[in-house]
Amino acid sequence: MQEITNWNLYPKVKAEVKSFTSKNELARLSGMHFDTIRGNGRSYGDASLGAKVIDTTAYNKVLSFDTEKGIITAQSGVLLSDLLEIIVPKGWFLPVTPGTKFITLGGAVASDVHGKNHHKEGAFSNHIEYLTLLDAHGNLVQCSKQSNSEIFKAACGGMGLTGPIVEISLRLKAIETAYIKQKQIKAKNLENLLPLFEENASYTYSVAWIDCLKKGENYGRSILMLGEHATKEEVKSSHKLKVPKSKALSIPFNFPSFTLNNFTIGAFNQLYYSKNISAVKEMVTPYEGFFYPLDNILHWNRIYGKKGFLQYQFVIPKNDGGKGIIKIMKMISNRGMTSFLAVLKTMGPEDTGYLSFPKEGYTLALDFPIRKGLFEFLDELDKVVIELGGRLYLAKDARMSASVFHKTYPNIELFREAAKKTNLSKDFNSDLNKRLSII
Amino acid sequence: MHINHLLILGANSGIAEAVAYEAADKGIKLTLAGRSEEKLIALKSDLTIKYESEVDYVLFDAFNISLHEAFYDSLPNKPDAVLCAFGILGSQEKAQQDWQETNAVIESNFTGAISILNIIANDFEEKGAGIIAGISSVAGERGRQSNYIYGAAKAGFTAYLSGLRNRMAKSGVHVLTVKPGFVKTKMLEGLETPGPLTAKPEDAGKAILSAMIKKRNTLYYKSIWRLIMYIIKSIPEPIFKKLNL
């Protein structure tokens, strides 16, 4: 037995954790009533928590890489960071990447992750050639958008409730360089920021960082970051597909929670802004800093202290979406529920997965250190999100109620039917499933 | 000394894989030998894709001693270095009751290892060159109630490697005895081990390959284990036998 928890350090559970390195070993474990499957523990919820857990991180080999077609096939426990090291020098990139590269490929599928390009290129599931799953009888099932498509739609975004994802074949994106041509635009407040998103909708990558602390007319001052993969001509370095190794800093211990008062958050934001003095700034930068700004601060999650934090990420449709975002941000500010990071993105149409999170609109992600009153406050926010026709991201959720979930994920019956094909007797029953009664 | 072609016996063990990555990174040709074809293929493709290095694999079963000679004969190109990395930990409790379990621990860690290394040592001796490394264990330094069957097999293997080193010294063949302490591999899954004494497999892999190239005789990894084992060996038996180790 060992204590396991995810990136936000909440909740923590005691679990028996077993790893595997072959399909046979996995099949043997799957027959032993494990509750869930776990990757690198970078989610913010309880989908990968349970009393008996299968750990995929030792099942991490790359099985084939077609450098002509840009298709890579790997075992589910391989990290995106390992894939990047292989594919970037060959002129390929991940078609979709979340804000950290330290997640497993299987986790990316099970959460159907999205990136800064969702409005243009969809979620992870949009780029999968095929998956193999292990069904309840210990047989391998291959699925894709075309074949066994119900199983595919259930597995992508299915949070592991379809049983273990074994192998994944992914279609990559061709790049000329390992650099991003980045443009930063400062916005005085939220009212100014939202139109900027619309004006720049043609950019492949867009994301805004928002300061939630400023009061008055500067409330919601922010930086919109836009990016395109840089062309050969735009990069001066002679090593177009190689970037200098960045140094990782590590936060070695949990910060005591009292250090996380409004003052330190204000100081952090100030620091962040001082690097961006002019209103519009363009630069060519290595991909890592653009996509993974926090990966260079290893264990940044510890800054919130031992009690951990909650991440709250919702999406709301665009009609009234702007007003909705402002309304929610004001509720947060009025309660003094300060968030360290607020990240706003736009999303395109819904994805293939029955339980995939994205839908057309705005998505906002906030971190809240755990303290008294937070859970009750987030319940209130849930009501507003439901009213606005939105929903919460399961990979970031550790606390919503079953009723909130069932009101906001309309494809639940289709998911249940499809999940039966691979997780017949509901053997896989994670803490997330116990909380939300998904299957 | 330079290694051109490394044969890894038990290539899918956690430590062996780490050595394989380190060797591939250095451009050393690899032959991976093990029992599971699925795992060997996966390791081969991963190594080939990551390092664009020359890797092949061949099935090998330490328990199947009668086939060891044929296995080595069948290798199209003979290696100039070998790492013997297989061996199961087994369950001490089960082994005390069950001869099958005891025998499996002895056969994998001792009998099987000696059978294949005898064959390879003779070939290397004839050529007058080569490096042989065997992964033994600090558990072989002194028998303790918690794992003395595994420890006894490893003690036997350590003695074998020491004797082989002595025999080979005059023929230009080098023998390295590796004595890992705790290395965070699948073998230790579920066991709580003290952090400062526990090594990462990749660090152990680097240290082992480097010790082979530098022709070291004995490698404790982490090196603190040399001191720990010295102390454990110095405890007088009347006291030692009453300890809960």
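Below, read A as the first sequence line, B as the second, and so on, with proteins coming before strands; counting in each chain starts at 1.
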Which atom names give the shortest non-hydrogen contact between A/Lys61 and B/Ala42, and what distance separates them? CB-O, 3.7 Å
Quick one: closest heavy-atom pair of B/Ile49 and A/Leu63, and the distance?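 The pair with the smallest heavy-atom distance is CD1-C, 3.9 Å.
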In terms of heavy-atom contacts, does [atom1] of [X] have more than 12 from other residues, nucleotides or ligands at under 6.0 Å?
X: A/Lys242; atom1: NZ; answer: no
X: B/Gln96; atom1: CD; answer: yes
X: B/Lys78; atom1: NZ; answer: yes

Inter-residue atom distance A/Thr21.OG1 - B/Glu17.CD, 0.5 Å rounding: 7.0 Å
I need the A/Ser64 OG to B/Asp46 CG distance, nearest 0.5 Å. 11.5 Å
Between A/Gln75, A/Lys18, A/Met1, A/Glu16, which residue shows the highest count of heavy-atom pairs closer than 4.5 Å to chain B? A/Lys18
Quick check on B/Glu52 against chain A: is it the side chain, the backbone, both or neither that has a heavy atom closer than 4.5 Å?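 Only the side chain of B/Glu52 comes within 4.5 Å of chain A.
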Go through the atoms of B/Leu43 and report whether side chain, backbone, both or neither lie under 4.5 Å from a heavy atom of chain A.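 The answer is both parts of B/Leu43.
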Quick check on A/Tyr59 against chain B: is it the side chain, the backbone, both or neither that has a heavy atom closer than 4.5 Å? side chain
Which atoms of A/Asp55 are under 4.5 Å from chain B, going by heavy atoms: the side chain, the backbone, both sets, or neither? neither
Do A/Gln2 and B/Glu189 come close enough that some side-chain heavy atom pair is under 4.5 Å?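 No, side chains not in contact.
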Taking the side chain as every heavy atom from C-beta outward, state whether A/Ser19 and B/Lys186 have any pair of such atoms under 4.5 Å apart. yes
What verdict does the side chain to side chain contact (heavy atoms under 4.5 Å, CB included) test give for B/Lys39 and A/Lys23, after you've listed the backbone C-alpha separation in whole Å, the side-chain angles of each residue and the deciding distance to 0.1 Å? CA-CA 9 Å; B/Lys39 290 187 198 178; A/Lys23 289 175 196 136; over 6 Å; no
